[in-house]
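Let me begin by presenting the structure, written as structure tokens, before commenting on it.
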Amino acid sequence: MGEQAKKLFFVASEAQPFFASGGLGDVIGSLPKRIAKNAKEELEVSVILPLYSKLNKAYKNKLVYIGQTNTKLSWRNQYCGIFKYEEAGVKYYFIDNEYYFKRENFYGYFDDAERFAFFSKAAIDVMLFINEIPDIIHAHDWQTGLVPVYLRTTYYNDERFKNVKTIFTIHNIEYQGNYSCDEDIVEDVFGLSMNDAHILEYNGRINIMKGAMESSNYVTTVSPTYAEEILSPEYAHGLQYETNRVKEEGKLRGILNGIDKVFYNPAKDKALFETYDKKSFEKKAVNKEELQDMLGLPVDKNIPMIGMVSRLVAHKGLDYVKTVFEKLLEEKVQIVILGTGDSYYEGFFKDLERKYGNKLRAIIAFNQDLSRKIYASSDLFLMPSKSEPCGLSQMIASRYGAIPLVRETGGLKDSIINFEKNTGNGYTFKGTNAWDMYDVIKKTLDDYQNEELWKKQVTKVMNKDFGWSTSAKEYIKMYEEILEK
Ligand code: GLC
């Protein structure tokens, strides 16, 4: 890369440790810092985020107000306050607008299209306000998909943005920002001309993710296998024509996520009852007993514990779970589930808990502290997703010595290799038959009785490095490549 550091701007709708609702928040919380560290001389890294009222209390007084501008969205002219915070070589800019972001949740409102159109447009206004035009903009998921679209339309003839390169990362193709054409969303909400509507049009609807894919120089997703899978109708949620198009243009990549090994570290984790590392993982048993006690389960370190930390939605493979769990609960086993989601699955697990009170606990919540207690206490971590763009829980579980059992799809397939192979670091199953999963779980329960084998396996699992080092290099290579274009 050239002599002077190039400016890289991430734009995303959530980031740890400020606010997060899932894996995207983890990635935006850790990847920019890692890029800043690994490419100090070449890249100057900034991140633009919405300022939700749900900001983590610890940061409330740390953000510095640096000014305000106005963001135009069709006939609207909206306040855009800008706050700044710097850490680990990364500059974070927060866009303040209480009308859009002072709400109970991050997403799920009738005006999400308008909220995130505002955010995407305001992100560009922030760049202008601070007078830093990026060399690369890296946008994530549909909420920021209009950033590359605005650059190709509204700012097309703007000299300042002439050389900006754009990358759009799909964290989950299921959520596309897909709207009916009837509501005049293109002109009235996004403030775009109908002449540009074709960029966003897809199957007779307005699709922000499609617009982002069409407008960006590169499209990436969060694992190599998922990058293949989304070419097929089975995984593409309707976007297969667009995914195949960007693939043919040579614009599609898959780069596996990593986890923040400093944050997820059983040797230092304050959430645990007792900390441990690779050499002292027998202390997982202490964590198990404490958790059993806390949850009112029979306290016995010899009962194998299966953990699940998951959004309770269909693509997490919960129908397989539904099919086999009652049979599984005949075994000597304890199961702990943490998550929120569809009331259908929440209800199912709550019913099971009522029926199998001394074997199963279902905690319907999003609770990071408790999630790490579950990773630390579990012997086995179950993640049978039907589709999984990357998945981070299997990596976190490994770091905490809970052996992952996964379905071979997406990032799960790329990160967990069956123990049958030399390089194995977990249990896996293929296909869509719940009883195949059941057979593998049964096998793990047998293996658990073989103490030597189990210890050997836990050691393998904990030795696997799921940090960002390899993937950060791949991102930096892609940034270098794009700058040369
Ligand atoms: C989404 C995906 C998940 C991925 C995460 C971070 O939440 O569903 O598989 O790990 O984004 O990229």
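Order of appearance sets the numbers: ligands from 1, and atoms from 1 within every ligand. Just so you know, these numbers come straight off a predicted model, no measurement behind them.
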Once salt bridge (Lys or Arg N to Asp or Glu O under 4.0 Å) is applied, do any residues pair with Asp436, and if so which ones, sequence neighbours excluded?
none
I'd like a table of the close N/O pairs between ligand 1 and the protein (anything under 3.5 Å), one pair per line with both atom names and the distance.
residue: ligand 1; atom: 8 (O); partner: Asn172; partner atom: ND2; Å: 3.4
residue: ligand 1; atom: 9 (O); partner: Glu388; partner atom: OE2; Å: 2.6
residue: ligand 1; atom: 9 (O); partner: Cys390; partner atom: N; Å: 3.0
residue: ligand 1; atom: 9 (O); partner: Gly391; partner atom: N; Å: 2.9
residue: ligand 1; atom: 10 (O); partner: Gly391; partner atom: N; Å: 2.8
residue: ligand 1; atom: 12 (O); partner: His171; partner atom: ND1; Å: 2.6
residue: ligand 1; atom: 12 (O); partner: Asn257; partner atom: ND2; Å: 2.7

Validation row, ring centre Phe466 to ring centre Tyr264 under 6.0 Å:
no
Is the NZ or CZ atom of Lys84 positioned over Phe94's six-membered ring, under 6.0 angstrom from the centre and within 45° of the axis?
no
Exercise: identify the closest heavy-atom pair between Ile199 and Lys210
O-NZ, 3.0 Å
Hits for side-chain hydrogen bond (donor to acceptor under 3.5 Å, both in side chains) against Ser378, two or more places apart or cross-chain, chain-then-number order -> none
Quick one: ring pair (Phe, Tyr, Trp, His ring centres under 6.0 Å) pairs with a partner in residues 203-228, sequence neighbours left out?
none
